[in-house]
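As a basis for the values below, the full set of heavy atoms in this structure was taken, side chains included, without hydrogen atoms, waters or symmetry mates. In what follows, chains are A, B, ... by sequence order, proteins preceding strands, each numbered from 1. Only a predicted model underlies this, so the values are computations on that prediction, with no experimental measurement involved.
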Amino acid sequence: MNSLIDSLNPQQRAAVTLPDVSSLILAGAGSGKTRVLTSRIAYLLQNGYASPEEILAVTFTNKAAKEMVSRLSTMVSFNTKYMWIGTFHGLCNRMLHSHHEQAGLPATFTILDQSDQLSTIKRLMKANNVSEDEVSARDIQHFINQRKEEGKRASQVKVLGYLGQLKLQVYQWYEDSLNKEGVCDFAELLLRSYELLSRNEQIRHYYQRRFRFILVDEFQDTNVLQYRWLKLLSGIEDNCERVNAVFAVGDDDQSIYAFRGANVGNMKDFVRDFRVQNPIRLEQNYRSHGNILDAANALISNNSERLGKKLWTDAGRGDPIRVFGAVTDQEEAEFLVDSIKGAIADGVDRKEIAILYRSNAQSRVIETELTRRNVPYKVYGGLRFYDRAEIKHTLAYMRLAENTADDSAFLRVVNFPARGIGAKTIEVLMDVAKNENLSLFDATRLLPKTASQKLSVFTQIIEYLKLAKEQLELPDFVDFTVEKSGLKHFYETEKNSEDKLENILELKSAAQAYLSEEQTDSNNGTDTLSPLAGFLSHASLESGENQAKANEDAVQLMTVHASKGLEFNLVFITGLERGLFPHDSAINDDKNGLEEERRLMYVAITRARKSLYLTYAQQRMMHGLTRYNMRSPFFDELPAQTLKWLTPKEGERSSDRYSCGGSSLMRDYQSAEKSRHYSSNTPTWAKGIVTSKLERDIRRQADAGNPYRQGARISHEKFGPGRITSTRNSGDSHEMTVTFDSGKVLTLLTRIAKNKITLM
DNA sequence: CTCGGTCAGTTTTTT
DNA sequence: ACTGACCGAG
């Protein structure tokens, strides 16, 4: 049994064997965080300090929760089924189902995802004649979610000014609408669960007595409401004779979700509120080599407001961090693939190679190049299974079978597949529903005959589904829904819909998989839910497996955000340009924005075990125009001795690039040279620019005197005659796309091309 | 009512 | 470049 503890380092061991008090574990990147969390639970169980039902462990992602359960089941023989291990949302959902009556919800309440939430807001704005020109629905969605994350209902919100009033008014309508429909959005799950606990003493005391040990993963990502929820469960505010021990694990340096409400300040508040004596620091890194850690430490030290932590390793210096500055994004992609091919030839596993970027839009050039040169790859974070339109349609039918008052689901599919129910009919229906305070479904009966008849085709379907759900096993019910709704027929006859058809048929397997998973480990509290309700929750809360093919032998592409928690032998951080990483919005933002970008960079660097490459391009196509960027200011925050510039660092002579031998460095140099060959014009005049629509318009006007206009016939000394098919301005450069008579299409920089072309 | 074209907006993302 | 929203013609 002590093997559990013996293999830990002193700090890890101190954390795992802490007595029954609240504690903060500052767990640096790669310091064995998950191991400490699971070992702690195992320790409590094996020594009889806790029984399984006294354990509550909260994570942010389903993936992390699953990981914890599976690791735990290899460590202890206790049944994990009696512990509550899950995401904040999952656990709140579980709690609300158990006490739906006290929480003011119907037993059949359904969950709105973000897009459902947005369309509900849009619908309410339209119904109440609030124009999106005044405030966008997105702004209001943001406003509402922020207020909920502060724990505030519409009646508790104070606002200033006309726009504030307007947003608040929509919040109120929205709140009423959710209540009427019996649905919860994501933030609502938390807020309602919080209110349930705070208002109902009996329920609160029950959970307080039960969960003697509360463990929180990624504590730096908690928002204000989540922290208050934890406080309620701990009993710290109830003057209980004994406060439950909260074991909070987090890393303030890896807080990268402030933009969605995460509050790093919770860590300091936690130390104060729970009177944490000595936070434990896990600073020994078991992942990366010295150069990588030095770079990470140096970078992050530029942030103020840190709790302070310095990673160290005994793994040795390792390779230097290699830097490649490309002229174009295309050249950057070519360099990546050159290097990757070399690494693979040296025996590196493809799945041990990661290409990271700041925003998804950057993946395309890289993907194209990987495809062109036959390197298998996998992109993370694309459209998830349950997010696909056809799946959401099918689920909407199922949601209606469960809860006919779910107006979002109703509107999604009332006329899909098309059954002649248009905007006019819906408008009338919504009016009636509003006046009579009925759900859209119930209001269909009250419409004039013709409209009512059209709608009854739809409501009949739902009535059938309601009967069927009682009589069929879940997978068969899915089949029935797909058939009865007309979706199957629709996708069968619609051309180019083979994939969609396959997906909706796949939903049956998803239901089957869900059921069998439930039988083996019922950890999501689905014991209190019907299979259908459980499956619908599952579909809303676990947006679908992106991980399914994680072990495939392919190069891994993902955003830096998506890479958190992962590690690879070879990592490329790409697009390191001012404006991109750090991103424009953060630069223009206050200091906090830049600090979050820096933490993001810190996360990116610490993903690498053995080798790290940093790349950037001076020139990049984005949103249809070419941008010219300076390299990222982060380069200047990394210690020079950890870096190896494969291309000359501007403003400095790079003579050392020939000096250091080694086969792998030579190859870097060769591929750097090779990639460089593709393009030779370095636009030194280019400056980082910000393009807004207004600026674009102004430039377009200023451009009126330019002879190289769209439609003009020109002749190029090399490519012959052609016509300008489009022109673009970006910054102080002007470019044109020319379709030559030969069929060749080229985009030329006017500044350079004008010496080579003549107007015809 | 439906389809097909035009036009604005575009960080990151989990639940 | 790509997507979702909107508008006018059939």
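Taking the ring pair (Phe, Tyr, Trp, His ring centres under 6.0 Å) definition, one finds that A/Tyr357 meets it with nothing, sequence neighbours left out. Applying the salt bridge (charged side-chain N to carboxylate O under 4.0 Å, His left out) rule to A/Arg123 yields the partners A/Glu181; only residues at least two apart in sequence or on another chain are considered. Applying the ring pair (Phe, Tyr, Trp, His ring centres under 6.0 Å) criterion to A/Tyr171, with sequence neighbours excluded, gives no partner residue. Residues meeting the side-chain contact (heavy atoms from CB on, under 4.5 Å) test with A/Ser136, sequence neighbours left out: A/Glu132, A/Arg138, A/Asp139.
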Kindly list each side-chain donor-acceptor pair under 3.5 angstrom involving residues 255-265 of chain A, sequence neighbours excluded, with atom names and distances?
| unit_1 | atom_1 | unit_2 | atom_2 | d |
| --- | --- | --- | --- | --- |
| A/Asn263 | OD1 | A/Gly265 | N | 3.2 |
| A/Asn263 | ND2 | A/Asn266 | OD1 | 2.9 |

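In this structure, A/Asp221 atom CG and B/dT14 atom C1' are separated by 10 Å, rounded to whole Å. The CZ atom of A/Arg620 sits 15 Å away from the P atom of C/dA1 (whole-angstrom rounding). Across the protein-nucleic acid pair, A/His89 atom NE2 and B/dT13 atom C1' stand 12 Å apart, rounded to whole Å. Distance CG (A/Leu580) to P (B/dT12): 10 Å, rounded to an integer number of Å. Across the protein-nucleic acid pair, A/Tyr257 atom OH and B/dT12 atom P stand 12 Å apart, rounded to whole Å. What separates CG of A/Leu600 from P of B/dT12 is a distance of 11 Å, to the nearest Å. Spacing between atom CD1 of A/Ile573 and atom C1' of B/dT12 amounts to 15 Å, rounded to whole angstrom units. Atom CG in A/Leu189 sits about 13 Å away from atom C1' in B/dT14, given to the nearest Å.
Residue A/Gln114 is classed as a base contact, given a heavy-atom separation below 4.0 Å to a base. Within 4.0 Å (heavy atoms only), A/Asn62 reaches sugar-phosphate atoms of the nucleic acid but no base atom. In this structure, A/Asn360 reaches the sugar-phosphate backbone alone: every heavy-atom distance under 4.0 Å involves primed, P, OP1 or OP2 atoms, never a base. Contacts of A/Ala418 with the nucleic acid, taken as non-hydrogen atoms under 4.0 Å apart, involve only primed sugar atoms and P, OP1 or OP2. Using a 4.0 Å heavy-atom distance criterion, A/Ile421 is classed as a sugar-phosphate-only contact. Among the protein residues, A/Phe60 comes within range of the sugar-phosphate backbone only, with heavy atoms under 4.0 Å from sugar or phosphate atoms but none that close to a base. Heavy atoms of A/Ala562 sit nowhere under 4.0 angstrom from any nucleic acid atom.
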Protein-nucleic acid N or O pairs under 3.5 Å, nucleotides 2-6 of chain C:
| unit_1 | atom_1 | unit_2 | atom_2 | d |
| --- | --- | --- | --- | --- |
| C/dA5 | OP1 | A/Lys122 | NZ | 3.4 |

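Evaluation of A/Phe259 against the base of B/dT12 yields a stacking contact (centre distance < 5.5 Å, interplanar angle < 30°).
In this structure, A/Gly422 and A/Leu541 both approach DNA chain B, and ranking their closest nucleotides by distance from the 5' end singles out A/Gly422.
Considering only side-chain N and O atoms, A/Asn415 lies under 4.0 angstrom from the phosphate OP1 or OP2 of B/dT2. Residue A/Ser359 places none of its side-chain N or O atoms closer than 4.0 Å to OP1 or OP2 of B/dT10.
Considering only the side chain of A/His561, B/dT12 comes nearest among B/dT14, B/dT12, B/dC1. Considering only side-chain atoms of A/Glu597, the nucleotide from B/dT11, B/dT13, B/dT15 that sits closest is B/dT11.
Taking the centre and axis of the six-membered ring of A/Tyr380, the NZ or CZ atom of A/Lys378 falls inside the cone set by 45° and 6.0 Å. At least one test fails for A/Arg598 against the ring of A/Tyr602: distance under 6.0 Å to the centre or angle within 45° of the axis.
Between the OH atom in A/Tyr616 and the CZ atom in A/Phe581 there is a gap of 16.0 Å [rounded to 0.5 Å].
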